Engineer: 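There's a structure below that I have some questions on.
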Protein chains: 2
Amino acid sequence: MSAIAKRRERERAQRHQLIITAARELAEAEGWEAVTTRKLAERVEYSQPVLYSHFNGKDAILRAVALEGFGELAARLRRARLATPEPPQALHAVCRAYLEFAAEQPALYQAMFVLPTDVKFAHAETPPPLRAAFDEFVNCFRSDNSRRELFAEVTWSALHGMAVLSDSGRIPPNGQTERLDFLVTQIAGTPSGPATL
Amino acid sequence: MSAIAKRRERERAQRHQLIITAARELAEAEGWEAVTTRKLAERVEYSQPVLYSHFNGKDAILRAVALEGFGELAARLRRARLATPEPPQALHAVCRAYLEFAAEQPALYQAMFVLPTDVKFAHAETPPPLRAAFDEFVNCFRSDNSRRELFAEVTWSALHGMAVLSDSGRIPPNGQTERLDFLVTQIAGTPSGPATL
DNA sequence: CATGATGTCTAGCATTGCTATGATGTCGCT
DNA sequence: AGCGACATCATAGCAATGCTAGACATCATG
């Protein structure tokens, strides 16, 4: 490959990333419904067809943003877990990190977990970063716990529900901390008889 | 008001309901993204502008469908709770009813809890049926529990997460029963020391 | 310098939500 | 009964959307 071709490929890769970043910023600023191919094209200072030479369509751009998010989320959860000296509190730290991620970048979170997608979850073709993020939850439970995966699924589901209901204004965003504390307490402890019912 | 005017108003109310039902059926059959004002108009055998004489726009139709759903959900949860002889198991029954509702009518559920909406939640203007549905969760906990509302919020969030992640193919739909059992067990019991972490 | 390929843009299509305008019938009143 | 006013509805159109075909320019190469 000639040096010129290499430079072109480099520039192309840069532009590829530029599109992803622009879409993400625009979505974060005005919401996904405001991300149109025209606005996006203007933002990257190219015409619309250029977008289609990089991605198969708007959905593919969204998918690329989501994939980027999976990597960042996995890293963040991992950091939260490893930064916790006492393992019993790791779950709490990871859950808090998850909710912070969702609250700080709601549009990114939507692309990852709310908007329709063809990304495979819990499947052979699952993107490694996504699997890695999920595993951070799994690893909060003792390795001799044969139902770790189940625990992780329920924990994740609960957090997702809190994140998404809060973001869409369906539960007041204030109580998140109390809800988180309660959730972790219940998930972590072994239940002993119904006293709250 | 003349008898003729009354008849007209009756017919108008019928048509109003017809539009809501048609939208709901179409969404359930092909998904909300397939519900266009044109298809909807054809389905009710009127032209598009008629839709706008009944609703302020597509969003308003969606809102009407959601409101209908709130009523049905509240009734269903109530029935599940009252049909449970032993109060400690009421929570489990209500939660199962909730997940069944979401799984059986995914499009309706989306209109209620996923798609952007201006319906007020946990607010003075909250539609009574919605508040009633939420109260079914609250009433699963003992009335001397000062944190019932918090418990209900977390329970609902967790169920919502399970429902929505399952519907969008992000967790396998099979394990729902196990997840539900685990969730209810943990929420119901008073935690005694970390054994699972 | 000419040529061909590569890259980019202009212009356009079909579909969307929504609406202005005009046709059609219906109602109330003399 | 007939006429004018009004309500009702459809045709036709607008702007915005995702996407694409074709024209145009640019640039490496013979």
Side-chain angles (χ1 to χ4, degrees), chain A residues 1-20 22-24 26-27 29-66 107 110-111 115-118, chain B residues 1-20 22-24 26-27 29-66 107 110-111 115-118:
Chain A
M1 185 185 299
S2 78
I4 291 175
K6 270 193 196 167
R7 188 212 61 205
R8 290 215 156 143
E9 198 155 312
R10 240 184 6 246
E11 289 175 347
R12 196 176 162 74
Q14 270 187 281
R15 212 169 43 175
H16 190 91
Q17 183 57 45
L18 180 62
I19 294 171
I20 297 177
R24 182 171 163 176
L26 189 53
E30 310 182 29
W32 280 110
E33 76 285 352
V35 178
T36 71
T37 57
R38 282 171 175 75
K39 277 194 211 165
L40 193 51
E42 187 176 357
R43 189 131 168 168
V44 299
E45 297 178 312
Y46 281 95
S47 67
Q48 284 180 278
V50 171
L51 303 181
Y52 291 87
S53 76
H54 283 273
F55 300 94
N56 270 338
K58 199 184 172 182
D59 291 357
I61 299 179
L62 232 141
R63 215 176 90 104
V65 173
Q110 278 183 23
L115 301 183
T117 183
D118 52 356
Chain B
M1 184 186 300
S2 79
I4 290 174
K6 270 193 195 167
R7 188 211 62 204
R8 290 218 153 145
E9 197 155 315
R10 246 191 352 255
E11 289 175 348
R12 195 177 163 75
Q14 270 187 278
R15 212 170 44 177
H16 190 91
Q17 182 58 44
L18 179 64
I19 293 172
I20 296 176
R24 182 170 162 176
L26 189 53
E30 311 181 28
W32 280 110
E33 76 286 353
V35 178
T36 70
T37 58
R38 282 171 175 73
K39 275 195 213 164
L40 193 51
E42 186 175 359
R43 190 130 168 169
V44 299
E45 298 179 312
Y46 282 95
S47 68
Q48 284 180 277
V50 171
L51 303 181
Y52 292 86
S53 77
H54 283 273
F55 301 94
N56 271 338
K58 199 183 172 181
D59 291 358
I61 299 178
L62 232 141
R63 215 175 90 105
V65 172
Q110 277 183 24
L115 301 183
T117 183
D118 52 356

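These numbers come from a predicted model, not from an experiment. Quick note on labels: first sequence line is chain A, next is B, and so on, each numbered from 1.
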Engineer: Calculate the interatomic distance between B:Y52 atom OH and D:dC14 atom P; express it in whole Å.
Structural biologist: 17 Å

Engineer: Side-chain N or O of B:T37 versus OP1/OP2 of C:dG17: is the shortest distance under 4.0 Å?
Structural biologist: yes

Engineer: D:dT8 P sits how many Å from B:H16 NE2, rounded?
Structural biologist: 15 Å

Engineer: Could you report the tightest heavy-atom contact between A:R12 and A:H54, atom names first, then the distance?
Structural biologist: O-CE1, 3.3 Å

Engineer: With no hydrogens and no angle check, is any side-chain donor or acceptor of B:K39 less than 3.5 Å from a backbone partner on B:A34?
Structural biologist: yes

Engineer: Write down the atom of A:A111, the atom of A:A66, and the distance for their closest heavy-atom approach.
Structural biologist: O-CB, 3.6 Å

Engineer: Of all heavy-atom pairs between A:A41 and A:L51, which one has the smallest distance, and what is that distance?
Structural biologist: N-CD1, 4.1 Å

Engineer: For A:E45 and C:dC9, what is the distance between atoms CD and P respectively, to the nearest whole Å?
Structural biologist: 11 Å

Engineer: Expressed as a whole number of angstroms, how long is the span from B:Q14:CD to D:dT8:P?
Structural biologist: 16 Å

Engineer: When you get a sec, tell me which of C:dT8, C:dC18, D:dT17 is the closest nucleotide to the side chain of B:K58?
Structural biologist: C:dC18

Engineer: Starting at atom CG of A:L40, determine the distance to atom P of D:dT17, rounded to an integer number of angstrom.
Structural biologist: 12 Å

Engineer: Less than 4.0 angstrom between a side-chain N/O of A:R15 and OP1 or OP2 of C:dT8, yes or no?
Structural biologist: yes

Engineer: Rounded to whole angstrom units, what separation is found between the CG atom of A:L51 and the C1' atom of D:dG18?
Structural biologist: 11 Å

Engineer: Write down the distance between NZ (A:K39) and P (D:dA16), rounded to a whole number of angstrom.
Structural biologist: 11 Å

Engineer: Nearest heavy-atom pair of A:A23 and A:V35: which atoms, and what distance?
Structural biologist: O-CG2, 4.1 Å

Engineer: Whole-Å distance between C:dC27 P and B:E11 CD?
Structural biologist: 10 Å

Engineer: Hey, is the side chain of A:Q48 pairing donor to acceptor with the base of C:dC9 inside 3.5 Å?
Structural biologist: no

Engineer: Under 4.0 Å between any heavy atoms, over every strand shown, what does A:S47 touch: base, sugar-phosphate, or nothing? Just pick one.
Structural biologist: base

Engineer: Counting side-chain heavy atoms from CB outward, which of C:dC9, C:dC18, C:dG12 is closest to B:R38?
Structural biologist: C:dC18

